[in-house]
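None of these values were measured; they are calculated from a predicted model. Counting starts at 1 for both ligands and their atoms, in listed order.
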Amino acid sequence: MADRQFVDGEVVYPSEEVIAKARLKDWDAMARRAAEDLEGFWAQEAEELEWYRKWDKVLDDSGKPFYKWFTGAKVNIVHNCLDRYQKSWRRNKLALIWVGEPGDVRTYSYYALNREVNQFANILKAMGIQKGDRITIYMPRVPEIVIAMLACAKIGAVHSVVYGGFSVDALQGRIEDSQSRMVITADGGWMNGKIVRLKDTVDEALKRCPSVETVITVRRTGHEVRMEPGRDYWYHDLIGLPIATGKCPTEQLDAEDPLFILYTSGTTGTPKAILHTHGGYMVGIYTTLKYVFDIQDEDRWWCAADPGWITGHSYIVYGPLLNGATTFIYEGAPTYPYPDRWWALIEKYGITILYTAPTAIRGLMRFGESWPKRHDLSSLRLLGSVGEPINPEAWRWYYEVIGGGRCPIMDTWWQTETGMFMITPTPVVPLKPGSGTRPFFGQEAEIVDEDGNPVPDGEEGYLVLKRPWPAMMRTIYNDPDRYVDQYWSRFPGKYMTGDSAKRDRDGYFWIIGRVDDVIKVSGYRLGTAEIESALVSHPAIAEAAAIGLPHEVKGNAIHAYCILRTGYEPSEKLAEELRQHVREHMGPIARPEKIHFVDKLPKTRSGKIMRRVLKAQALGLDVGDTSTMED
Ligand code: WT7
């Protein structure tokens, strides 16, 4: 590795200390092994986990792009997250350390977590939940979100977590599409010193969701909430019932049985339910977290995302538990009560690995070095970045000020659909600030042009993935045609990521951004369609188009171009009302930065809004090919 020659750009090498500590020293050898024998590589990883019955086949591509992994095997991800530790010393290890925003603390050993998951699983069963049923989870960052997810998985129910920052329209649409029988929520959560009233939002959404029979509510904030008799139950009352015993058998499932669906936005239309399975997903995230963040027994791992996004599913909940690690969760805002909250937590809990998004780094950077400098951050040994490209200034600050120049930054590129890290370094890989380096073991990525032909190094194009991987999405729940259409039809045989990127002469990949109707705001993935439909649900708006424009902290900010109905006049007051309207319907992250009132929107002759034209105009760039534009 050390004698590797680089021809392009700045390179940051790992120190001797980092290399000495790393479990995997020879990246090239492992990459070669996986390239030569993809199935052998993944089978070897899978052997490190426990199966009720081993697989007949590692990869079944007979129905591609509906790939299957570990077919014939019997497994349950929860068995590997919890059950298998109960007979070893690890039952006494901390699985979860949780800190609430007001300062309350709860910890769970692997024993305690397993016990409460069993208790709650028994409740779900007693309420008639069966294998394959969908359950929507809409919760703040509290330990019970982890317990709820694991309890569902344990009995073979399919969880559909909706991020607690979403509001009523987003929640309702996702409950309805998944046909969930149950919603698990909390009265509220703490954020920035205020209560986010989640149960109220559930009540509002359920007015239009007939499939839901039961709502279970965790008491977190303690404020008054409405409880509907016969439908609503308190979590703590149920857990106290005699049937909620601490023992519950784990359902033996097929490797390809669904584990969860998770909604994400894509090209046009409503959010799609990305489906992941027990077997392949388990192997993929176990392996990636093990090699990329090199999780070891003395580590305290903090993935500062929300469990409601794929980052949280894979690397707050399942990945760390599969690795027998200690995972840390903080409920609230990084700046509450002061901008050193995160740094104080790292010091107090001795966090060794911090994994967060560039937007968070940029946000905290604004407060200056003095806040982190007050704290001893020497426990950190690795850092991570995810969600959007990290700019060089943020990279430097993260590396020097937070990591003390000691901690390599794992810039991990992946997606809800990929389930696991896809382009990422490991600790021994020389880094280039802003690049996710190279594809993970067994993967091959390529940059192609409009026609699917590879472009020369250094040129921008569509990022595609060429080999299947175990944690890949299996389909879009209830919409397999859309799965084929959106990911596999544009470049046959290759997975289309929806990102544009470049590869440099050293084979390192540089992500540029989305090429579809997705806007990455503060690392959150939002679809233009949902924002636009929230806007046109306001009586003043006839038509709307949303685009993302560069923003210093958020990466991108939402700009909405609106055509008013007759009788309405543009005003700052109306613009503010519209921003507030989107916030109430979709959630705070979807609130547009700016509303532009216009008379016309650029459209194709078939009536599709040309958002790229709006964007080019706003940025003062060449609008490109407009041959399909009406007049
Ligand atoms: C999109 C996927 C699963 C990670 C959380 C986001 C962007 C993600 C990086 C990165 C540059 C990144 C891409 C991707 N993205 N990680 N390290 N560098 N861009 O998952 O919400 O499904 O979003 O996030 O645009 O397509 P997601």
Looking at non-hydrogen atoms alone, which of D516, T416, T497 comes nearest to atom 20 (O) of ligand 1?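 Selected option, by shortest heavy-atom distance: T416.
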Return the option from R514, K520, M410, Q415 holding the heavy atom at the smallest distance from atom 23 (O) of ligand 1.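 Nearest heavy atom to atom 23 (O) of ligand 1 lies in K520.
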Which heavy atom of the protein is the closest neighbour of [atom], given with residue, atom name and distance?
atom: atom 2 (C) of ligand 1; value: W414 O, 3.6 Å
atom: atom 13 (C) of ligand 1; value: D499 OD2, 2.9 Å
atom: atom 7 (C) of ligand 1; value: G387 O, 3.2 Å

Y495 vs Y487, ring-ring contact (aromatic ring centres under 6.0 Å, His included): CA-CA, chis, key distance, verdict: CA-CA 6 Å; Y495 169 82; Y487 300 100; 5.5 Å; yes
If you measure from each heavy atom of G436 to ligand 1, is any distance below 4.0 Å?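 So G436 does not count as touching ligand 1.
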When you measure from the centre of the six-membered ring of [Y], is the NZ or CZ of [X] closer than 6.0 Å and no more than 45° off the axis?
X: R490; Y: Y462; answer: yes
X: R438; Y: W27; answer: yes
X: R341; Y: Y330; answer: no

Using a strict cut-off of 4.0 Å, indicate which atoms of ligand 1 neighbour a heavy atom of [X].
X: R525; result: 2 (C), 21 (O), 22 (O), 23 (O), 27 (P)
X: D411; result: 10 (C), 17 (N), 18 (N)
X: I511; result: 11 (C), 19 (N)
X: P389; result: 11 (C), 18 (N), 19 (N)

Taking non-hydrogen atoms only, is I310 closer than 4.0 angstrom to ligand 1 via side chain, backbone, both or neither?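 For I310, only side-chain atoms sit under 4.0 Å from ligand 1.
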Residue-level breakdown please: for T412 versus ligand 1, do any non-hydrogen atoms fall below 4.0 Å on the side chain, on the backbone, on both, or on neither?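 The answer is the backbone.
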Please find the pair of heavy atoms, one from L382 and one from P408, that lie closest to each other, and give the distance.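 Looks like CD2-CD, 3.7 Å.
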Ring centroid separation Y281 to F260 under 6.0 Å: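 Here the rings of F260 and Y281 have centres that are less than 6.0 Å from each other.
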Salt-bridge contact E393-R366 (side-chain N to carboxylate O under 4.0 Å):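 Judged by the 4.0 Å cut-off on N to carboxylate O distance, E393 and R366 do not form a salt bridge.
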Does any N or O in the side chain of S314 come within less than 3.5 Å of the main-chain N or O of I285, such that one atom is a donor and the other an acceptor?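 Absent.
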N/O separation below 3.5 Å, T311 to ligand 1: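 No; every N/O pair is 3.5 Å or more apart.
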Would you find more than 12 non-hydrogen atoms of other residues, nucleotides or ligands less than 6.0 Å from K68 atom NZ?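 Not more than 12 within 6.0 Å, no.
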